[in-house]
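Predicted model only: the values in this text are computed from it and were never measured.
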Amino acid sequence: SRDRYQRIFDSATVSLWEEDFSAAKETIDRLRDEGVTDFKSYFDSNPDVVADFSRKINVLDVYSSTLALYGAANKTELLGALDKIFTPETLPMLASQLVAIAEGQRHLSCEGINRKLNGELLYIHLSMTLDESEHPFDSVLVSIIDISDRKRSEQALQESESRFRGAFENAAAGMALISMQGHFTRINPILCDLLGAPHDTLRNTPWESFVDAPDRRRHRQALDELYAGEVNTLQLELRLRPPSRDPLWVLATASLVRNADGTPLHIICQMLDIHQRKQTERDLRISEERYRQFYQDDPSGVYIADPDGRI
């Protein structure tokens with residue numbers, strides 16, 4: 001019965017709308033008579049026409065919880081033309097509904113944006129179903145689920161990833177993401193220069209293949225400590241032997257990235273070129289050794305005094 005239907009309608013846990021699409025269907029039929037065949041391309045090219053359709057679709061009824069979702073004091077504020085909850089960002093979703101009607105689809109699900117009565121944007125998942133009656137467009141059931149929290153989380157994640165990407169790509173030191181199997185998955189331009197190869201060549205290459213053989217055992221031991229959680233960060237001076245350039249020294253700092261339940265995801269590694277420093281240290285050691293040898297082997301008396309003459 002109608003009363004039973006109304007009770008179900010009003011007690012539903014999702015936002016349900018009863019809408020009249022008959023005027024919209026008549027306009028779509030007229031456009032078809034005028035020669036429109038590709039409605040998707042037509043609506044994509046004519047957003048003003050899509051916007052006009054929002055005034056041809058009438059809301060006949062809404063269930064009670066819809067009032068709180070859209071900030072309405074009563075049903076009357078939402079009944080009538082649909083344009084009061086539309087924004088320019090809503091047009092792609094409306095266009096999808098119109099294309100579905102033009103193509104004879106009985107059901108449509110899509111995501112889009114509505115506007116609350118106070119102007120606040122509302123991200124929604126919309127489902128539209130046409131019944132099998134003689135006049136299905138006179139009463140179309142539309143269900144709406146609020147997905148704003150999910151969309152905001154996705155947006156925050158995208159912004160976080162964008163900031164990480166900028167910091168990673170523009171870092172002054174070499175940066176890499178290394179899989180748990182020990183392969184490069186992402187390499188920034190500085191590290192590509194250090195290793196003398198482009199990103200596409202380095203991607204999926206075993207990181208350890210660049211480490212000088214005498215350093216590999218020490219490197220593996222440090223990684224084992226990192227995997228076991230004995231240390232949060234490891235730091236090693238390693239000599240690398242890239243195939244296409246001279247060997248070089250780097251200071252490698254690595255941390256293990258885990259997901260929320262503690263499962264290891266990948267290693268993030270920073271590599272700083274310290275080759276010049278190591279070369280300077282080597283030259284200094286050679287110079288000191290030469291001086292020490294000269295001092296020890298000189299047959300004459302040698303002493304060292306400060307500027308005041310103190311030995």
Side-chain angles (χ1 to χ4, degrees), residues 5-31 39-40 42-103 105-131 135-156:
Y5 165 79
Q6 190 67 44
R7 287 196 301 272
I8 295 173
F9 189 84
D10 285 337
S11 62
T13 57
V14 297
S15 175
L16 295 179
W17 302 60
E18 183 184 4
E19 299 176 5
D20 180 358
F21 276 77
S22 56
K25 178 63 166 61
E26 291 174 1
T27 304
I28 288 172
D29 291 341
R30 178 175 55 78
L31 290 173
F39 280 90
K40 183 178 187 310
Y42 177 79
F43 289 136
D44 287 346
S45 302
N46 296 275
D48 290 344
V49 173
V50 178
D52 186 58
F53 269 93
S54 69
R55 293 179 283 275
K56 298 178 184 295
I57 301 170
N58 282 308
V59 178
L60 304 177
D61 198 1
V62 297
Y63 96 106
S64 301
S65 296
T66 301
L67 305 183
L69 182 60
Y70 282 82
N74 51 62
K75 289 186 177 184
T76 303
E77 293 185 347
L78 292 174
L79 301 184
L82 201 60
D83 59 344
K84 62 176 66 70
I85 62 168
F86 272 37
T87 73
E89 294 87 355
T90 308
L91 296 183
M93 182 174 62
L94 176 57
S96 296
Q97 292 177 272
L98 299 175
V99 170
I101 292 173
E103 294 178 349
Q105 298 179 33
R106 311 297 299 185
H107 180 76
L108 171 74
S109 290
C110 58
E111 294 184 358
I113 298 175
N114 272 182
R115 178 182 62 194
K116 297 183 180 183
L117 295 184
N118 64 3
E120 181 183 345
L121 294 184
L122 182 68
Y123 294 89
I124 65 169
H125 179 277
L126 177 147
S127 293
M128 180 181 76
T129 302
L130 299 175
D131 62 31
H135 303 288
F137 300 100
D138 293 351
S139 177
V140 178
L141 184 64
V142 176
S143 65
I144 289 175
I145 298 175
D146 181 7
I147 59 171
S148 299
D149 288 345
R150 192 197 84 196
K151 284 294 185 180
R152 280 191 284 267
S153 296
E154 291 174 353
Q155 184 177 4

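With contacts defined as side-chain heavy-atom distances shorter than 4.5 Å, the pair Q97/I57 does not qualify. Using a 4.5 Å heavy-atom threshold, the side chains of I85 and W17 count as touching. Side-chain atoms of E19 and M128, non-hydrogen and from C-beta on, never get closer than 4.5 Å to each other. You'll find the side chain of F21 stays beyond 4.5 Å of the side chain of L130, heavy atoms only. Using a 4.5 Å cut-off on side-chain heavy atoms (C-beta onward), N114 and L126 make no contact. Between K75 and V59, every side-chain heavy-atom pair lies at or beyond the 4.5 Å cut-off.
Identified under the salt bridge (charged side-chain N to carboxylate O under 4.0 Å, His left out) test for residues 78-99, with sequence neighbours left out: none.
Closest non-hydrogen pair, G71 versus L117, comes out as O-CD1, 4.0 Å. In this structure, S15 and T66 approach most closely via the heavy-atom pair OG-OG1, 2.8 Å. Taking every heavy atom of both residues into account, A51 and S54 meet most closely at O-OG, 2.6 Å. In terms of heavy-atom proximity, P88 sits nearest to P92 at O-CD, 4.0 Å. Minimum interatomic distance between D146 and Y123 (heavy atoms only, all atoms of both residues): OD1-O, 3.3 Å. The shortest heavy-atom contact between L79 and V62 is CD2-N, 4.4 Å.
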- [ ] Begin with the C-alpha distance, continue with both residues' side-chain angles, and end with the deciding distance and a verdict on side chain to side chain contact (heavy atoms under 4.5 Å, CB included) for H125 and R150.
- [x] CA-CA 11 Å; H125 179 277; R150 192 197 84 196; 6.0 Å; no
Task: Verdict with reasoning, T27 to D52, per side chain to side chain contact (heavy atoms under 4.5 Å, CB included) - done: CA-CA 11 Å; T27 304; D52 186 58; over 6 Å; no
- [ ] Run the numbers on L108 and S96 for side chain to side chain contact (heavy atoms under 4.5 Å, CB included), then give the verdict.
- [x] CA-CA 8 Å; L108 171 74; S96 296; 4.3 Å; yes
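Remark: the backbone N or O of I113 is paired with a side-chain donor or acceptor of T90 at under 3.5 angstrom. Distance alone, capped at 3.5 Å, places no donor-acceptor pair between the S22 side chain and the F137 backbone. Side-chain N or O atoms of E120 include none that pairs as donor or acceptor with a backbone N or O of K116 at under 3.5 Å.
Between atom CZ of residue F86 and atom CG of residue L91 there is a gap of 7.5 Å, rounded to the nearest 0.5 Å. Between the CG atom of D20 and the CG atom of D61 there is a distance of 13.0 Å, given to the nearest 0.5 Å. Between the CE atom in M93 and the OG1 atom in T87 there is a gap of 8.5 Å [rounded to 0.5 Å]. L60 contributes atom CG, which lies 12.5 Å from atom CG of L78 (distance to the nearest 0.5 angstrom). We find the CD-CD1 distance between E111 and I145 to be 10.0 Å, quoted to the nearest 0.5 Å. Here N46 contributes atom CG and F53 contributes atom CZ; the two are 10.5 Å apart, rounded to the nearest 0.5 Å.
Looking at residues two or more places apart in sequence or on another chain, you find a side chain to side chain contact (heavy atoms under 4.5 Å, CB included) between D149 and R152. Partners of A102 under the side chain to side chain contact (heavy atoms under 4.5 Å, CB included) rule, at least two apart in sequence or in another chain, are I28, R32, F39.
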